[in-house]
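One structure is given here, and the rest of the page talks about it.
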Amino acid sequence: MAPSKVACYLVFALSSCILLCNAQILHPCEFDAIYQLGDSISDTGNLILQNPSSVYAKPPYGQTYGNGKPTGRCSDGLLMIDFFAQSAGIPFLEPYLKIKKGTSLIGANGVNFAVIGSTALSAKVLATKGILNPLTVISLSEQLDWMETYFRAICSDKCSEKLKTALFLVGEIGGNDYNYAFLEGKKIAQIKALVPEIVQAIKTAVSRVIGFGATRVVVPGNFPIGCIPIYLTSYKTKNSSAYDELHCLKSLNDVSTYHNNMLQQAIKDLREENPNVVVVYGDYFNAYLWIMRNAERLGFDAESVQKSCCGTGGDYNFSLMSMCGAPGVPVCANPNQHLSWDGIHSTQQAYKYMADWLLRDIVSELKCKTA
């Protein structure tokens, strides 16, 4: 067999194994529930229950999965949290506000507290820094309040026993604090100055979750924002030295790296403070870059890796004036060939590959019985 054919076969075998061999990689952990805090990377319906007129409650969002109707997920289909649930062998997580509206509390297999647009810092704190949240007043602290209310209702003083077989995800969160600051024209130095406070808010949230009874917690970092269409469009420059080998903006990725490094130090501190609790870093940054580096081999269109599937205008098929869901904004023929769905969030296919990469990366650290 020719070398090129061997290489193609090996890549095909690798991608097939990622999607099939690891489909239930969390099974040995015997998780019976997952509890999610976060933002649009994870929300499965809370924002649209708050605001039914949201663009995320309308097509083309959700077009790929199931009956093609929007579910409040910021994608054409499923999110990473959905693939985590599949891997653990449990049902998809219901949004907390759907459970709250019911006649009785449900969610035996976990609950999703994430809200699109949510921030690590409160709206009040951000406002003092001249940063406004245009989507929601729900921040990480409010989500934690929801979580506390929920646990008080379902397990009262016996939560430690109930939650010892659950997985908690605290984030990704904090990305919107930076997004809103960038989009309001804050300088990179000003944004980096936010990092310690944002990381401290995440660390405090993890400590609070541990206080509820969590014994295994995943804390994801930030994505390489310099590779994403919204930022590539907003900060486009003719200076070639501003871009790395993947055509990502180095200065913006440096902000993500600064956040992630500080977050990993906070996780080390949490481990020392809580020796009986497993706290794991979720490396979203490198999961995303892995897809970019292997995009064509994974079935993505090499010419569209940094272009929105749903969008219009410019080099990256994205415009803040004509975003996905607006009248007349087109959708690509095959979202599975695109990494970016709407210029901000990823496609179902990209999230699937990222979830599989992350599961392989963290499963041994979760200290499951037979993993």
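What you are looking at is a predicted structure, and each value in this text was computed from that prediction instead of being measured. When a residue number appears, it is its place in the shown sequence, counting from 1.
No side-chain heavy atom of D76 sits less than 4.5 Å from a side-chain heavy atom of P60. Side-chain contact between R208 and E148 is present, with heavy atoms from C-beta onward closer than 4.5 Å. In this structure, S304 and H338 have side chains that are in contact, with non-hydrogen atoms separated by less than 4.5 Å. The shortest distance between side-chain heavy atoms of F31 and L366 falls below 4.5 Å. Side-chain contact between E245 and R293 is present, with at least one heavy-atom pair separated by less than 4.5 Å. For the pair Y178/T119, no side-chain contact is recorded, criterion being any heavy-atom separation below 4.5 Å from C-beta on. Side-chain contact check for D356 versus F83: every heavy-atom pair is 4.5 Å or farther apart. For the pair N46/I138, no side-chain contact is recorded, criterion being any heavy-atom separation below 4.5 Å from C-beta on.
Residues I116 and L132 fall into different hydrophobic clusters, defined by Ile, Leu, Val, Met, Phe, Trp and Tyr side chains chained together at heavy-atom separations under 4.5 Å. One hydrophobic cluster holds both Y316 and L320 under the rule that ILVMFWY side chains link at heavy-atom gaps under 4.5 Å. Y61 and V329 fall into different hydrophobic clusters, where Ile, Leu, Val, Met, Phe, Trp and Tyr side chains are chained together by heavy-atom contacts under 4.5 Å.
Minimum interatomic distance between M354 and I291 (heavy atoms only, all atoms of both residues): CG-CD1, 3.3 Å. In terms of heavy-atom proximity, V195 sits nearest to H259 at CG1-CA, 3.7 Å. In this structure, E184 and I131 approach most closely via the heavy-atom pair OE1-CA, 3.4 Å. Looking at every heavy atom in both residues, G110 comes nearest to A33 through N-CB, 3.7 Å. A pairwise comparison of heavy atoms in I191 and K186 identifies CD1-O, 3.7 Å as the closest pair. When all heavy atoms of I198 and A120 are compared, the pair lying nearest together is CG2-CB, 3.9 Å.
Once rounded to the nearest 0.5 Å, the distance linking CH2 of W341 with CD of Q63 reads 4.0 Å. Atom CG of L339 is separated from atom OG of S308 by 10.0 Å, given to the nearest 0.5 angstrom. Here the CD atom belonging to Q337 is positioned 11.0 Å from the CD atom belonging to E296, to the nearest 0.5 angstrom. The CG atom of D39 lies 12.0 Å from the OG atom of S139; values are rounded to the nearest 0.5 Å. Atom OG in S87 sits 11.5 Å away from atom CG in L358 (nearest 0.5 Å). Rounding to the nearest 0.5 Å places CG of L359 at 6.0 Å from CD1 of I25.
Judged purely by atom type and a 3.5 angstrom limit, D32 has no side-chain atom pairing as donor or acceptor with the backbone of N109. S319 places no side-chain N or O within donor-acceptor distance of the main-chain N or O of T312, the cut-off being under 3.5 Å. No donor-acceptor pair closer than 3.5 Å links the side chain of S160 to the backbone N or O of G213. In this structure, T136 contributes its side chain and S118 its backbone to no donor-acceptor pair below 3.5 Å. With hydrogens and angles disregarded, no donor-acceptor distance shorter than 3.5 Å links the side chain of E161 to the backbone of K158. Checking side-chain atoms of Y150 against main-chain N and O of K100 turns up no donor-acceptor pair under 3.5 Å. When atom types are taken as modelled, the side chain of D43 and the backbone of G45 share a donor-acceptor pair closer than 3.5 angstrom. A donor-acceptor pair under 3.5 Å links the side-chain atoms of N253 to the main chain of G226, judged by distance alone. Under the 3.5 Å distance criterion, the side-chain polar atoms of N133 are matched with a main-chain donor or acceptor of G117.
No donor-acceptor contact under 3.5 angstrom links the side chains of Y351 and D82, judged on distance only. A side-chain N or O of R73 and one of T71 form a donor-acceptor pair less than 3.5 Å apart. If you check the side chains of Q36 and S42, you find a donor sitting under 3.5 Å from an acceptor. Under the 3.5 Å distance criterion, with hydrogens and angles disregarded, no donor-acceptor pair is assigned to the side chains of Y56 and N51.
For R271, the CZ atom sits in a packed shell: over 12 heavy atoms of surrounding residues, nucleotides or ligands are nearer than 6.0 Å. Within 6.0 Å of the NZ atom in K98, the count of heavy atoms belonging to other residues, nucleotides or ligands does not exceed 12. By the neighbour-count criterion of 12 heavy atoms within 6.0 Å, atom NZ of K250 is densely surrounded, having more than that number from other residues, nucleotides or ligands. Summarising the local packing, CD of Q265 is surrounded by more than 12 heavy atoms from other residues, nucleotides or ligands at distances under 6.0 Å.
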Could you give me the CA-CA distance, side-chain angles and deciding distance for C368 and R216, then say whether side chain to side chain contact (heavy atoms under 4.5 Å, CB included) is met?
-> CA-CA 10 Å; C368 303; R216 281 179 283 186; 3.7 Å; yes
Determine, step by step, whether W290 and L298 satisfy the side chain to side chain contact (heavy atoms under 4.5 Å, CB included) criterion, reporting the C-alpha distance in whole Å, the side-chain angles of both residues, the deciding distance to 0.1 Å, and the verdict.
-> CA-CA 10 Å; W290 178 80; L298 294 172; 3.6 Å; yes
Passes side chain to side chain contact (heavy atoms under 4.5 Å, CB included), L126 versus D177? Steps please.
-> CA-CA 8 Å; L126 288 173; D177 302 64; 3.9 Å; yes
Side chain to side chain contact (heavy atoms under 4.5 Å, CB included) between L183 and I230, intermediate numbers included | CA-CA 10 Å; L183 294 176; I230 184 174; 4.2 Å; yes
What do the steps show when you test K236 against D315 for salt bridge (charged side-chain N to carboxylate O under 4.0 Å, His left out), and what is the final call?
-> CA-CA 9 Å; K236 182 180 177 182; D315 292 340; 2.6 Å; yes
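For Y35 and F151, the gap between ring centers is short of 6.0 Å. Between Y235 and F182, the distance separating the two ring centers is shorter than 6.0 angstrom. Aromatic ring centres of W146 and Y96: separated by under 6.0 Å.
Paired with H345 under the rule side chain to side chain contact (heavy atoms under 4.5 Å, CB included), one option of I228, L79, I41 passes, and it is I41.
Sulfur-sulfur distance for C309 and C332: below 2.5 Å, consistent with a disulfide.
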